[in-house]
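Let me begin by presenting the structure, written as structure tokens, before commenting on it.
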Protein chains: 2
Amino acid sequence: MTYYKNCDILIKMIRIGIDAMGGDNAPGVILDTVSELVRTVDDVQFVLMGREDILKGKLPEVVEIVDAPEVIGADELPSIAFRKKKRTSIAVGIELQKKNEIDAFVSAGNTGAFVAFATLGLGKLQNVKKAGLATFFPTKEGRFLVIDVGANAEAKAEHLFQYGIMGSIYTEEVMKVRAPRVGILSIGEEEIKGNSVIKEARELLKSAEINFVGNIEGHMILRDVCDVLVCDGFVGNSLLKFGEGVVNLIMELLKEGISTSLKAKFGALLMRDTLYGIARRMNYDEVGGAIILGVKGIDIVCHGRSGKQAIKNAVQLAVECKRRDVNRVIEQRLGQV
Amino acid sequence: MTYYKNCDILIKMIRIGIDAMGGDNAPGVILDTVSELVRTVDDVQFVLMGREDILKGKLPEVVEIVDAPEVIGADELPSIAFRKKKRTSIAVGIELQKKNEIDAFVSAGNTGAFVAFATLGLGKLQNVKKAGLATFFPTKEGRFLVIDVGANAEAKAEHLFQYGIMGSIYTEEVMKVRAPRVGILSIGEEEIKGNSVIKEARELLKSAEINFVGNIEGHMILRDVCDVLVCDGFVGNSLLKFGEGVVNLIMELLKEGISTSLKAKFGALLMRDTLYGIARRMNYDEVGGAIILGVKGIDIVCHGRSGKQAIKNAVQLAVECKRRDVNRVIEQRLGQV
């Protein structure tokens, strides 16, 4: 790992590690994406983790390959894999981050494993009590960040509070949203609604120096009422998966309707642009990678089904996080409260 | 309230109370529905709660009207309204249930108020620790019951366990589902996934004499994997509202697409049947009323937007619950565990 020490100019490059083996379309989509990025981006150095025998010779020379021959099985417990498997692509990526040999790490592999390896392997940023997995939900006009979508199944009020701060910093610094509106998911708009943890978290968020907008109900969250939505990982994960499920079901019903009627088929042809537009707009896979906020590193999780554009988006996100030094801002801000 | 004492034959009638003032379309839709039901159903006696001055003369004579002149404001706390407002339609309905003058009560009014009045006013069935609000979610082919969708924002493992038993009895007795599959919402299929309450509840459900199918993840719940899904009221309420939100958003995007392009407009005309089919299939309002399982009474909550069919469905549900004596079965079964 001396590639950037031999050349002064390269020292300033941002070094992005990518898991070449993670995701449904790996390594093909990763190889294609990185080959393309190398041609168009000139201030990023790519380091790919994966099976050297498979990857070698398939990438431009400037791309570093680090051998990672092991694989985590689908039914393996992430915490056990973390102790036993030191040479999987995720393990190697986290290890390089720890040694500061890469600035960020992107993977479309098993989300649970990635989160476990990152939290256990890198540890938390100073002043952070729990890391939260943050991802975007699509809305009619844009998108908003939900934190936590599954890093922790349980959350205390102070964790929800910190999610709010971290989410606010991330959307402001990286997404360039001015004074992001931070809301907390609850089951009624009124202050008295929600469970005890939510009520306590709301009081903490109210007193923070963020643009806190209060309770947000389930039917409102897609209505551009906030830029950051705070909830625990159990609820967030359930909402994310359920949202994907509802969209997929509607698309399936549409396809079935179209396939069983010639009239509908012709109608769909005429409605093509509208239907594609909706499918694209409501695609939970493509809205960008999820970031593990709060760990000592920049770690972006992509959906397993990620295509080229999703991987590119994730790389861009990673670069931007490094440039804006988001983690330092989080440490500072949380140190002040 | 002597209408059924004067005539022997009427004593065997099922007496359904209906809130004439609740819902967006009240009292119009209620008056229409009840007038129609009176003509077609001959073993049900209807009792309407509402403003007598408005309702009088607008219904067939066999329908009893009980004056309920007060109204609960949208911003009123249900628990305070319960103490202070004794003559709202919901309060009067609950009171009649308590006196055993009606067998069941249907309202499309404020859900929070209805749940509060029912749980505070009627109390819990024997052996029941918490009442749960149970409603159906639409799937591709049919529907499944989710309990709790918001009666309690917090749940202990034993509450989730009882929701599973009550939901199983309800779907089996009233919906005629044989050996209903009961699942628990979690954030992974594996046993180790979920938070501590979920894990504890799962162990309890496993040992119960029901057809327990284990963890169900958010993206799977619409895939006909269970007939009853158990979760706490915070998560259930969030999912219900979010599901409505996603469906509404997609329908809105469709409408916008259609309105901005002549080609799409013509296409939509040809796809009419398919699109209407989907809108009907995915309509969270119409899948039937929600029942408050665990209270000493049969209480059915309808969506505020309920039309005639939804009110009819709710009345039918109430009648069936009374006929199958669901509450007695719940008391017995929970007494055995």
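Hydrogens, waters and symmetry mates play no part in the numbers below; they use all other heavy atoms, side chains included. So that the names make sense, note that chain A is the first sequence line, chain B the second, and so on, each numbered from 1.
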Next item on the list: Report the residue from Leu239(A), Val235(A), Ile187(A), Asp232(A) that forms a side chain to side chain contact (heavy atoms under 4.5 Å, CB included) with Val235(B).
Entry: Val235(A)
To the nearest 0.5 Å, how far apart are [atom1] in [X] and [atom2] in [Y]?
X	Y	atom1	atom2	value
Lys265(B)	Thr274(A)	NZ	OG1	11.0 Å
Glu252(B)	Arg223(A)	CD	CZ	4.0 Å
Ile198(B)	Glu154(A)	CD1	CD	9.5 Å
Leu240(A)	Glu217(B)	CG	CD	11.0 Å
Leu222(B)	Glu244(A)	CG	CD	12.0 Å
Lys241(B)	Met220(A)	NZ	CE	11.0 Å

Next item on the list: Look at Ala153(A), Gly245(A), Ser261(A) and state which one has the largest set of heavy-atom pairs under 4.5 Å with chain B.
Entry: Ala153(A)
Can you name the closest pair of heavy atoms from [X] and [Y] and give their distance?
X	Y	answer
Ser238(B)	Leu185(A)	OG-CD2, 3.6 Å
Leu270(A)	Gly267(B)	CB-CA, 3.7 Å
Phe242(A)	Ile221(B)	CD1-CD1, 3.4 Å

Notebook entry, point to check: Does atom NZ of Lys140(B) have more than 12 heavy-atom neighbours, drawn from other residues, nucleotides or ligands, at distances under 6.0 Å?
Noted result: yes
Next item on the list: Give a yes or no on this: more than 12 heavy atoms of other residues, nucleotides or ligands lie within 6.0 Å of atom NZ of Lys85(B).
Entry: yes
Next item on the list: Decide side-chain contact (heavy atoms from CB on, under 4.5 Å) for His219(A) and Asn248(B); before the verdict, give the C-alpha distance in whole Å, the side-chain angles of both, and the deciding distance to 0.1 Å.
Entry: CA-CA 9 Å; His219(A) 64 289; Asn248(B) 290 342; over 6 Å; no
Note to self: Please evaluate residues Leu254(B) and Leu275(A) with respect to the criterion side-chain contact (heavy atoms from CB on, under 4.5 Å), reporting the C-alpha separation (whole Å), side-chain torsions for both, the decisive distance (0.1 Å), and the verdict.
What the structure shows: CA-CA 7 Å; Leu254(B) 260 174; Leu275(A) 295 178; 3.9 Å; yes
Note to self: Run Leu249(A) and Arg281(B) through side-chain contact (heavy atoms from CB on, under 4.5 Å) and show every step you take.
What the structure shows: CA-CA 11 Å; Leu249(A) 181 57; Arg281(B) 179 75 262 159; over 6 Å; no
Next item on the list: Counting only heavy atoms closer than 4.5 Å, note whether Thr139(B) contacts chain A via side chain, backbone, both or neither.
Entry: backbone
